[in-house]
Amino acid sequence: MRRDPALPRHDWTLDEVETLFARPFMELVFEAAAVHRRTFDPSAIQASRLLSIKTGGCAENCGYCSQSAKFDTGLKAEKLMDAEAVLAEAMAAKAGGASRFCMGAAWRELKDRDTPKLAAMIAGVKALGLETCATLGMLTADQARQLKAAGLDYYNHNLDTGPEYYAEVVTTRTYQDRLDTLQHVRDAGMATCCGGIVGMGETRRDRAGLLHALATLPAHPESLPVNALVPIAGTPLGDRIKAEGTIDGLEFVRTIAVARLVCPRSIVRLSAGRETMSAELQALCFLAGANSIFVGGRLLTTPNPGEDADADLFARLDLKPMGANPTVAATECSAA
Ligand code: SAM
Ligand code: DTB
Ligand code: SF4
């Protein structure tokens, strides 16, 4: 008997996920859209705002990243921002329509000496009535508990790509390192934001490998960002993709659709890369099951469509903002 596709499964095989990618395009998008409207209001889009609270100078060698100290990308490194300046940005994000504020730091891992400052920022953002998210590199179990106690709702930690392609992307940390931090985050009772990047020269099987890894986690991520590589000059993957050409837009849509099918209750974010996507391509992504975006004119170190462009997009597509509800998200996590 065929299982209900709107019910989360954790027993996906890699071959099954790859078979979904190979479905006729119209069938795939139709099926993903059907699941989407059973689990969510398909016209509601969650809006998050990013802020780089500590920029550049990172010890890792992630081959896509403008912030690695290993590559000459021309980015100026900056020290950890003060809590006051972060709160001013959070207030502006709220006024601009964001429901979640995500603080990103170019760290390999969080250092205990920085945790009190982070805790103050998180508590301050939470007090503004925003959902809180942070992405600070690897965490210990104890650090995860401290961040949760400070009011952190979500922790972003991406697997980035499938396990087979991972060593082509970064060698200074392992897939298992990433899985361990995700486990600490779940154990501390936070919701996970976990996805990856497509368009780094990986194969379709690698993209299936990423989604298979996410769909077979002990709990599906509440938030699943699908980033299109933003090619950064001076990084190995950015330079390679500038020479070889970016991923086909329709293959990107397939990736969104498969994400929706294998993690039917996750909020799937059409994440980095919107700056160079047409309204039509973004519309197909929303149809295929994406229901979150980053808003505001900047991601971490690269541009993003600004408020006016997104207000226009939402008006043309009859989309509306999704309300914030971290408690529901956390409950769904344990049920999934
Ligand atoms: N340093 C922390 C870490 O790597 O976990 C947090 C910040 S890091 C910049 C957050 C995520 O942004 C990465 O895991 C990656 O998936 C995404 N990202 C970074 N640079 C990108 C790029 N050029 N294009 C698309 N996504 C990117
Ligand atoms: C995620 O998956 N994408 C965001 C967020 N999590 C931290 C980061 C995108 C970064 C894009 C390149 C940049 O602006 O540096
Ligand atoms: Fe550092 Fe994160 Fe960039 Fe990797 S993705 S180099 S860990 S900031």
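Counting starts at 1 for both ligands and their atoms, in listed order.
For Leu300, heavy-atom contacts with ligand 2 shorter than 4.0 Å involve the backbone as well as the side chain. Of the heavy atoms in Thr135, both backbone and side-chain atoms come closer than 4.0 Å to ligand 1. When heavy-atom distances to ligand 1 are checked against a 4.0 Å cut-off, Met138 has no atom that comes that close, whether in backbone or side chain. Only the side chain of Arg178 comes within 4.0 Å of ligand 1, counting heavy atoms alone; its backbone N, CA, C and O stay farther away. Neither the backbone nor the side chain of Thr302 has a heavy atom within less than 4.0 Å of ligand 1. In Thr235, neither the side chain nor the backbone holds a heavy atom less than 4.0 Å from any atom of ligand 1. Here Asn158 has side-chain heavy atoms under 4.0 Å from ligand 2, and that is the only part of it that gets that close.
Between Arg207 and Glu202 there is a salt bridge, with a side-chain nitrogen of the basic residue lying less than 4.0 Å from a carboxylate oxygen of the acidic one. Salt bridge Glu16/Arg9: present, at least one basic N to carboxylate O contact under 4.0 Å. Salt bridge status for Asp114 with Lys117: absent, with no side-chain N to carboxylate O gap under 4.0 Å. Asp310 has a carboxylate O that lies under 4.0 Å from a charged side-chain N of Arg274, or vice versa, which qualifies the two as a salt bridge. Under 4.0 Å is where a charged nitrogen must lie from a carboxylate oxygen, and between Glu31 and Arg23 at least one such pair does.
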Side chain to side chain donor-acceptor pair (under 3.5 Å) between Asn227 and Tyr64, worked out: CA-CA 11 Å; Asn227 296 277; Tyr64 49 77; over 6 Å; no
Candidate pair Thr161 and Asp206, rule side chain to side chain donor-acceptor pair (under 3.5 Å), full reasoning: CA-CA 7 Å; Thr161 190; Asp206 294 320; 5.7 Å; no
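The nearest protein atom to atom 26 (N) of ligand 1, hydrogens excluded, is given as Ile197 CD1, 3.5 Å; this is a heavy-atom distance. Remark: minimum distance from atom 6 (N) of ligand 2 to any protein heavy atom is reached at Asn156 OD1, 3.3 Å. Scanning the protein heavy atoms around atom 5 (S) of ligand 3, the nearest turns out to be Tyr64 OH, 3.5 Å. The protein heavy-atom contact nearest to atom 5 (C) of ligand 2 is Phe294 CZ, 3.8 Å. The protein non-hydrogen atom at the shortest distance from atom 11 (C) of ligand 1 is Asn158 ND2, 3.7 Å. Looking from atom 4 (Fe) of ligand 3 to the surrounding protein, the closest heavy atom is Cys62 SG, 2.3 Å. If you check which protein heavy atom lies closest to atom 3 (Fe) of ligand 3, you get Cys65 SG, 2.3 Å. The single protein non-hydrogen atom nearest to atom 12 (C) of ligand 2 is Thr302 OG1, 3.6 Å, given as residue, atom name and distance. Closest to atom 1 (Fe) of ligand 3 among all protein heavy atoms lies Cys58 SG, 2.3 Å. Closest to atom 7 (S) of ligand 3, if we only count protein heavy atoms, is Arg173 NH1, 3.2 Å. For atom 8 (S) of ligand 3, the nearest non-hydrogen atom of the protein is Ala106 CA, 3.5 Å.
When each atom of ligand 2 is checked for a heavy atom of Thr301 under 4.0 Å away, the hits are 13 (C), 14 (O), 15 (O). Using a 4.0 Å cut-off to heavy atoms of Pro225, the atoms of ligand 2 that qualify are 2 (O). In the vicinity of Asp160, heavy-atom distances shorter than 4.0 Å reach the ligand 1 atoms 13 (C), 14 (O), 15 (C), 16 (O). Less than 4.0 angstrom separates some heavy atom of Ser66 from each of these atoms of ligand 2: 15 (O). Of all atoms in ligand 1, listed by their number and element, those nearer than 4.0 Å to a heavy atom of Arg173 are 4 (O). Residue Ala105 approaches ligand 1 through these ligand atoms, each under 4.0 Å from one of its heavy atoms: 1 (N), 2 (C), 6 (C), 7 (C). Counting the atoms of ligand 1 from 1 in the order shown, those under 4.0 Å from a heavy atom of Ala228 are 25 (C). Per-residue contacts place Tyr64 under 4.0 angstrom from the following atoms of ligand 1 (heavy atoms of the residue considered): 13 (C), 14 (O), 15 (C), 18 (N), 19 (C), 20 (N), 21 (C), 23 (N). Atom numbering of ligand 2 starts at 1 in the shown order; those under 4.0 Å from a heavy atom of Ser271 are 1 (C), 2 (O), 3 (N). If you number the atoms of ligand 1 from 1 as listed, the ones under 4.0 Å from a heavy atom of Leu300 come out as 9 (C).
Residues Leu128 and Lys94 share a closest heavy-atom pair of O-NZ, 2.7 Å. Nearest approach of Ala77 to Gly56, heavy atoms of both residues: CB-C, 4.0 Å. The two residues Arg260 and Gly289 make their nearest non-hydrogen contact at NH2-O, 2.9 Å. The two residues Gly273 and Val230 make their nearest non-hydrogen contact at N-CG2, 3.9 Å.
Remark: ligand 2 and Asn227 share an N or O pair separated by less than 3.5 Å (distance only, no angle test). The N/O atoms of Thr135, backbone and side chain alike, include none that comes under 3.5 Å of an N/O atom in ligand 2. Distances between N or O atoms of Leu50 and those of ligand 2 include no value under 3.5 Å. Residue Trp107 has at least one nitrogen or oxygen atom sitting less than 3.5 Å from a nitrogen or oxygen atom of ligand 1, judged on distance alone.
Put simply, Val253 and Val17 are part of the same group of oily side chains (I, L, V, M, F, W, Y) that touch within less than 4.5 Å, one to the next.
Expressed to the nearest 0.5 Å, how far CG of Asp142 lies from CD of Gln146 amounts to 5.0 Å. Rounded to the nearest 0.5 Å, atoms CG (Leu118) and CH2 (Trp107) are 5.0 Å apart. Note that CD1 of Ile122 and CG of Leu130 are 13.0 Å apart. Values are rounded to the nearest 0.5 Å. Here the CG atom belonging to Leu214 is positioned 5.0 Å from the SG atom belonging to Cys194, to the nearest 0.5 angstrom. Rounded to the nearest 0.5 Å, atoms CZ (Arg108) and CG (Asn61) are 9.5 Å apart. Interatomic distance, OG1 of Thr55 versus CG of Leu300, reported as 7.5 Å (0.5 Å rounding).
Of the listed residues (Val230, Val198, Leu139, Asn227), the one carrying the non-hydrogen atom nearest atom 24 (N) of ligand 1 is Val230.
For Gly104, the closest heavy-atom approach to ligand 1 does not fall below 4.0 Å. For the ligand labelled ligand 2, residue Tyr64 lies outside the 4.0 Å heavy-atom shell. Note on ligand 3: Lys70 sits outside its first shell, no heavy atom being nearer than 4.0 Å.
Ring-plane geometry between His10 and His220 is classed as tilted, the angle between the planes lying from 30 to 60 degrees on a 0 to 90 degree scale. Aromatic ring orientation, Tyr155 versus His157: tilted (interplanar angle from 30° to 60°).
In this structure, Arg269 forms a cation-pi arrangement with Phe294, its terminal cationic atom sitting closer than 6.0 Å to the ring centre and no more than 45° off the ring axis.
The protein reaches atom 16 (O) of ligand 1 closely, with a heavy atom under 4.0 angstrom from it.
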